[in-house]
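Here the structure is laid out as structure tokens; the discussion comes afterwards.
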Amino acid sequence: MRPTFSIILFTVLSGAGYGLLFVVGLSLLSVPSLMSSLIPPWSNAIDTFAIDIRVTLEVALAAGALLAIAGLFCSVGHLGKPLRAWRAFSQWRSSWLSREGVASVLTFVPTFGLLIAMLCGLDIRSNGALLGGAALACLSAITVYCTARIYSSLKPVRAWNSRYVVPVYLLLACYTGALWAVALYVSTPVFSPVFVSFLPVFFWNAILIAPLAVGLKLLYWRSLAKAAQPYVGDATGLARLGSVRSFEQPHTEENYLTHEMGFVLARKHSRRLRVIASALILLAPLSAIPLTFVFGDAAWWLVVLLGLLGVFVERWLFFAEARHAVIAFYGR
Amino acid sequence: MTTLPPPAPKKLGLVIDLDICVGCHACAVACKEWNDGGDFGPLPDTDPYGAHPSGVWFNRVHSYAVEQDTAHGKREMTVHFPRSCLHCETPACVTVCPTGASYKRAEDGIVLVDEDKCIGCQLCAWACPYGAREISAQRGTMQKCTLCVDRIYNETLDPADRQPACVAACPTRARHFGDLGDAASPISKLVAERDGYALMPEFGYRPVNKYLPPRPRRDGCDAKTSSATPRGEALDRDQLPGVLRWLDRALSR
């Protein structure tokens, strides 16, 4: 499949955005209890911490929404008729693309609801914040799930119709979102204990999420190597008569099908690109520690860039490596 | 509405006879000609007279060589293969559509695109393993075979002309049009007689269109039966010198 820049940016950026909103949701669910268990109740520092963490979460909510919106705008750029994009919300009964559209907008309800409430002084330890956080985490996870299902539901593309696609999309969204969350915690001038806010996100992302995503990706690539390639004899049903080869193409020039679905370049370089993507995703969070000695706090943003680059390469390969069944008719 | 209509008894479609298709592309050209001026709007091309012309065609005619093992060694059979929309009974191209532009008609099963609703996201083209859908770069919307819905019900046409343009144009009558939902219809009988088959049934989209496989060759060395029927070598007597020709005649008595 031809790797369309707008679609890759859409899945990477909206993945990071909804991933960041997911992390904010989880933070709202876990931070208050972490605070009360780690900070003595008689200390009045706890109120200061709550307000300081709220400032970071406000910035993260805004950043997550911006990333998600930027990603959605990229996807509109792929359309032949962008002004009709609003029609895509109508067919949620059957279409994963439509469901993705609906979920992506629904997620903005708790996002902006929480943002406005927190700007108006909502305490992050309140029940309202807890409820908002739960809704935010659920809806952002559902949105990324729908994004992955757009591709994994397409049977003619063997590389997408795989059980690894959905978990990898979810994990990588969470991964890039967590990279953003960590960078935002470092950059926002707040006073809060690192073991409540920053450290758990950083730790779980580097130790659990990244290796899990790369591990699943390795299993995915192994399953692809084993899968049968589309064959012209099976596509035409002529295999029963003998071995089939195409001796004349139906058209002398490229057409939409061969242009869109006959992309070969990626498979030529796939081994090297797979190593690059896996290494970037695995090492980006860990590289933060040595990098801070050189670049200071800016290192955390460098890490975000490296991680996003890794996911970008992974997503480019996801599209570019995939073979579409129709190409079998062309005997390629 | 992109949810599929309940199964209807009427299933209009095509049957393509691979035995007699000569690969002349008349179906593809007639289709392009009709649909360029049909009810669904033009099918404009990019750079039509330039170095790299491209554009939407609803029919693409492939040509394949099928290598067969026979008692007399390897043989290659040529099969011309017109490819177009199969108007599937459960088409994924319809259900993936986010806007409702892509739909299957309840009354006759024809799969169509509403040009006024299509946003050009191309997901339907990705969902089709048969390559039935191509986007128009000029119009920004998805295009596909309409089974000439603007011909087959067109009362301004002579009744004999109320069939798809590709069927009307085929000089060898390799293309047949009719109701494949009716077991008594001529094309359903044709499918039953000739072991007509659906393309890539493993996807589960249940194509309505069927293909008739090439008939066994009449040279007696059909791939399936060749090993069971060994035959004598052909001898051309005229090539023999006079003495041997006499000997052959004498021994043949």
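Labels below follow one simple rule: chain letters A, B, ... track the order of the sequence lines, proteins then strands, and each chain is numbered from 1. What you see below is based on every heavy atom in this structure, not just the backbone, and it leaves out hydrogens, waters and symmetry mates. The structure displayed is predicted, hence computed values, not measured ones.
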| request: Work out which heavy atom in A:L257 is nearest to a heavy atom in B:G131; give both atom names and the distance. | output: CD1-O, 3.4 Å

| Heavy-atom distance under 4.5 Å to chain B: side chain of A:A85, backbone, both or neither? | backbone

| note | Okay, A:Y330 and chain B: the region with an atom under 4.5 Å from a heavy atom over there is both

| remark: Applying a strict 4.5 Å limit to non-hydrogen atoms, the region of B:A125 in contact with chain A is both

| task | Check whether any side-chain heavy atom of B:Y205 lies under 4.5 Å from a side-chain heavy atom of A:P156, and answer yes or no. | result | yes

| task | Please determine, among B:N59, B:V79, B:T46, B:D116, the option with the most heavy-atom pairs under 4.5 Å with chain A. | result | B:D116

| Side chain, backbone, both or neither: which part of B:V66 has an atom under 4.5 Å from a heavy atom of chain A? | both

| note | Smallest heavy-atom separation, A:L241 atom then B:Q68 atom, equals O-NE2, 2.9 Å

| About how many Å separate OG of A:S98 and CG of B:L123, when rounded to the nearest 0.5 Å? | 11.0 Å

| task | Look up atom OG1 in A:T236 and atom NE2 in B:H62, then write down how far apart they are to the nearest 0.5 Å. | result | 10.0 Å

| query | Among B:P82, B:G204, B:P214, B:G120, which residue forms the greatest number of heavy-atom pairs with chain A at distances under 4.5 Å? | reply | B:G120

| task | Examine B:R60 relative to A:F329 and say whether NZ or CZ is less than 6.0 Å from the centre of the six-membered ring and inside a 45° cone about the ring axis. | result | no

| Is the shortest heavy-atom distance from the side chain of B:C121 to the side chain of A:L97 under 4.5 Å? | yes

| Which of B:E67, B:M142, B:M77 touches chain A most, by non-hydrogen pairs under 4.5 Å | B:E67

| Side-chain donor/acceptor of A:R87 to backbone N/O of B:C118, under 3.5 Å | no

| message | Which one wins on heavy-atom pair count under 4.5 Å against chain B: A:P250, A:A325, A:A328? | response | A:P250

| task | Identify which part of B:A92 has an atom lying under 4.5 Å from any heavy atom of chain A, answering side chain, backbone, both or neither. | result | neither

| Note, A:R84 side chain near B:T141 side chain (heavy atom, < 4.5 Å) | yes

| task | Among A:E254, A:H78, A:M261, single out the residue with the greatest number of heavy-atom pairs under 4.5 Å to chain B. | result | A:H78

| task | With chain A as the partner chain, list the residues of residues 187-202 of chain B whose heavy atoms fall under 4.5 Å from it, by residue number, and write 'none' if nothing qualifies. | result | B:Y197, B:L199, B:M200

| Do the non-hydrogen side-chain atoms of A:E260 and B:Q122 ever get within less than 4.5 Å of each other? | yes

| Toward chain B, the part of A:I7 with a non-hydrogen atom under 4.5 Å | side chain

| Can you find a pair of side-chain heavy atoms, one from B:Y64 and one from A:V232, that are under 4.5 Å apart? | yes

| request: Indicate yes or no: does A:R245 engage B:E76 in a salt bridge with an N to O separation below 4.0 Å. | output: yes

| request: Start with the C-alpha gap between A:L238 and B:L18, add the side-chain angles, then the distance that decides, and say whether side chain to side chain contact (heavy atoms under 4.5 Å, CB included) holds. | output: CA-CA 10 Å; A:L238 296 171; B:L18 297 177; 4.1 Å; yes

| message | Just so I know, are the side chains of A:E253 and B:S54 near enough to count as touching, which here means a heavy-atom distance under 4.5 Å? | response | no

| Non-hydrogen atoms of chain B under 4.5 Å away: do they reach the side chain of A:W92, the backbone, both or neither? | neither

| request: Answer whether the closest heavy-atom distance between the side chains of A:S94 and B:T3 falls below 4.5 Å. | output: yes

| said: What's the separation between atom NZ in B:K117 and atom CD in A:Q91, rounded to the nearest 0.5 Å? | reply: 7.5 Å

| query | Going by heavy atoms in the side chains, are A:S95 and B:P98 under 4.5 Å from each other? | reply | yes

| request: Please step through side chain to side chain contact (heavy atoms under 4.5 Å, CB included) for the pair A:E248 and B:T78, ending with a clear verdict. | output: CA-CA 10 Å; A:E248 197 161 72; B:T78 299; over 6 Å; no

| Under the 3.5 angstrom rule, does the side chain of A:K155 hit a backbone N or O of B:F203 as a donor-acceptor pair? | yes

| query | Quick check: are there more than 12 heavy atoms from other residues, nucleotides or ligands sitting under 6.0 Å from CZ of A:F247? | reply | yes

| said: Surrounding CZ of A:F73 (heavy atoms of other residues, nucleotides or ligands, distance under 6.0 Å), is the total greater than 12? | reply: no

